[in-house]
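Quick notes on the structure that follows.
What's counted below: heavy atoms across the whole structure, side chains too, no hydrogens, waters or symmetry copies. Note that the structure is a prediction, hence the values are computed from the model and not measured. Here is how names work: the chains are called A, B, and so on, in the same order as the sequence lines, proteins then strands, and each is numbered from 1.
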Protein chains: 2
Amino acid sequence: MAVTIKDIAKKVGVSPSTVSRVVNGNTLISKETRDKIFAAMKEMDYHPNSLARNLANGSTHTIGLVIDAQDDNTFSNAFFNRSVYAIETVLQQNGYNLLITNDREDKNCSPVEKLILEKRVDGVILPSSSVTQKLINLLQKNDFPFIILGEPEIEKDETSWVDVDNLLGGEMAAKHLLDQGYGSIAFILENQATIFARNRVQGYRKALDENGCKVHTDYIIDCKGNCEAAYGAVRELMSLQEKPDAVLCANNVIAYQVLRALRDSLISVPEDMAVMSFDNYPFAEYMDPPLSVVDVDTFRLGEQAATDLIKKIQNANYENKQTMIATELIFRESTKRKK
Amino acid sequence: MAVTIKDIAKKVGVSPSTVSRVVNGNTLISKETRDKIFAAMKEMDYHPNSLARNLANGSTHTIGLVIDAQDDNTFSNAFFNRSVYAIETVLQQNGYNLLITNDREDKNCSPVEKLILEKRVDGVILPSSSVTQKLINLLQKNDFPFIILGEPEIEKDETSWVDVDNLLGGEMAAKHLLDQGYGSIAFILENQATIFARNRVQGYRKALDENGCKVHTDYIIDCKGNCEAAYGAVRELMSLQEKPDAVLCANNVIAYQVLRALRDSLISVPEDMAVMSFDNYPFAEYMDPPLSVVDVDTFRLGEQAATDLIKKIQNANYENKQTMIATELIFRESTKRKK
DNA sequence: TTGTATGCGTTATCAT
DNA sequence: ATGATAACGCATACAA
């Protein structure tokens, strides 16, 4: 058996509660006995039993991070992983542990619901994709602290969330291309249906509008989840009467397909066509030519989420709050100024 | 306050212990009362309090996964993340939770030591890089179940670990190149000092030996952690009297630099020089030409680790065991047969 | 400043 | 088949 608070109480000749007070840094203790207790703790190699602590305090000092990985791809997502690193860092600094759980649908009770109902964690961070009305109801009914990673489709104003400022991202990318002298900008999307795609397109439209360019609907192409389709999309674009002189790609894989299609068509980048992408990972800088991108500091994303959640846990009245993390531009050869 | 075992005991008119038995699936209970209890549990929306359970049972049903991320790169490491996904999957299937902690050195007590000493977890998975004699001693002294991810430098035979079969990997890669008709194979390493690099080189040597090829020491170049140096390494190789006709690269970034250097020197791949790499991620298939690689199923790596750990936890006498996960070849254009 | 007593929610031992 | 009771290790309200 491990050494408990009682053991060291007996050794020093005080009561367990006195030891407990010392362990918890209660100041109303004579320096004399405190020192004796510390000495005994060290000598007997005492460490508080967190299980007992948790029960007595009714809290675990652990927060749950929910993942919605259908397959292992989500876990390989560098974008997401930097956020996780940030979350772990902030939690550790604040004395919290990080519990990660994949939200597989179980027969009766989902893993997330279990975490909450069985009080395994003090709060949760949810991806917007796993936000359901049922879950929100459960959380709110139990006054359970939570924060959402990504703008949710429902309950936007009644929840706290952190997201990338995708509208700004789309705007930034389009504006950069315009500034570089490209006036007819196509946009190849991964999946029109997602909220972040919608926001990016909105930003793109805004930039075009503000610069007096008309938005050519043929220029917006949806890969519908199949990024390989971007190859054919380029062919489509090149068969239009008014061809674009720049392509904005929703991610690195789409950009890769675009570059390949352009190369196969003997169209040079950026001379005949500028190419730009979102996200710096996994290989924008290793493309030929290296890609200019609009990226986001996902570390800050996770950091913000974790910080907000801790505040919520420690202050029940902490107001809901929505934060947008600003995007940034990384300028490389694929968008060199048009001559 | 949440509803407890007592509440439903009172409601049904039985003792708390009876309810506890039902919750735990004890069979020596009349079907009649069992049904009544189940009904009450449902009606009152009862969920067992894991904090109390943990204390009573002396276990948490949680395992700790230790990360040794100095920066956010480790977290972005797709290689590692697939293992994490596998670990989480296996744990969830077995009713365990996953706690992730970065092993930052703290003043007095490292986060990992805390997890163990405060009984926050029932077992730990450690990366070999964070295996120290001190930690091993602590674990062994406490009979604490653990398993190491990657062959450790110390206590190889007294611990359980799972690793990629890097010797096989090096052998497989070299043999593939030989089979394709390439007889003078260079090897550009990321960092000679690591145990996995040593094993890969050993496998490479073995394949050459077995095929009667002599190992040319000038052909083995160490980037000493700086992958950009691979660009210069190619120049070096091309200035040798006996030039190689194939280059084996320790990772994707080195391969990228090698391809770039070859392109700048107007050496075509694979006609004049075959190029091969380790690891399929993050962009081997998107290189020009697409790279042949020796890859490893890191899902299996994590799966094996988690499975072994659970066995250790559930059976204190479970013997130590070392497992090597076999590598596999992915054949692409960069090593097309030499004519 | 310190000790006593009680509770946190559950499990387990020993009864009956 | 079920109930009473103690125990898990710690925290805290109340006393002294």
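- Nucleotide dC10(D) holds its P atom 10 Å from the CD1 atom of Ile8(A), rounded to whole Å.
- Using a 4.0 Å cut-off, no side-chain N or O of Tyr46(A) falls inside it from OP1 or OP2 of dG9(D).
- Under a 4.0 Å N-O distance rule, the pair Asp35(A)/Lys31(A) qualifies as a salt bridge.
- Between the side chain of Ser20(B) and the base of dA12(C), no donor-acceptor pair under 3.5 Å is found.
- In this structure, the CG atom of Asp35(B) is 11 Å from the P atom of dT2(D), given to the nearest Å.
- Atom pair Lys36(A):NZ and dT2(C):C1' shows a separation of 12 Å (rounding to whole Å applied).
- Remark on DNA chain D: of its neighbouring residues Leu55(B) and Lys31(B), the 5'-side contact belongs to Lys31(B), judged by nearest-heavy-atom nucleotide.
- Side-chain proximity of Val14(A) to dC8(D), dG3(C), dC10(D): nearest is dG3(C).
- Between Tyr96(A) and His61(A), the ring planes lie parallel to each other; the angle is under 30°, not in the 30° to 60° tilted range.
- Using a 4.0 Å cut-off, some side-chain N or O of Ser30(B) falls inside it from OP1 or OP2 of dT2(D).
- When all heavy atoms of Pro152(B) and Ser128(B) are compared, the pair lying nearest together is CA-CB, 3.9 Å.
- Residue Asn49(B) has no polar side-chain atom (N or O) positioned under 4.0 Å from OP1 or OP2 of dC8(C).
- The base of dT4(C) sits with one of its N or O atoms less than 3.5 Å from a complementary donor or acceptor on the side chain of Ser17(A).
- Taking side-chain N and O atoms only, Asn54(B) has no distance below 4.0 Å to OP1 or OP2 of dC8(D).
- For the pair Lys119(A) NZ and dG9(C) C1', the computed distance is 11 Å after rounding to whole Å.
- In summary, Lys11(B) and Asp7(B) do not engage in a salt bridge, as defined by a charged side-chain N under 4.0 Å from a carboxylate O.
- If you check every strand for non-hydrogen atoms under 4.0 Å, Pro48(A) touches sugar and phosphate atoms only.
- Under a 4.0 Å N-O distance rule, the pair Arg104(A)/Glu88(B) qualifies as a salt bridge.
- Minimum atom distance to the side chain of Arg21(B) is reached by dC14(C), of the listed dT10(C), dC14(C), dG9(D).
- Rounded to whole Å, the distance from CZ on Arg53(B) to P on dG9(C) is 14 Å.
- Look at Glu118(B) and Arg53(A) and you find no salt bridge, because none of the NZ, NE, NH1 or NH2 atoms lies under 4.0 Å from a carboxylate O.
- Look at Thr4(B) and you won't find any side-chain N or O under 4.0 angstrom from OP1 or OP2 of dG9(C).
- Rounded to whole angstrom, the span from the CG atom of Asn24(B) across to the P atom of dT10(C) amounts to 10 Å.
- Separating the CD1 atom of Ile37(A) from the P atom of dC10(D) is a distance of 13 Å, rounded to the nearest angstrom.
- The side chain of Asn57(B) lies closest to dA12(C), out of dA12(C), dT10(C), dC8(C).
- Closest to the Ile29(A) side chain, of the nucleotides dT2(C), dA11(D), dT10(C), is dT2(C).
- Taking atom CG on Leu51(B) and atom P on dC8(D), their separation rounds to 18 Å, with Å as the unit.
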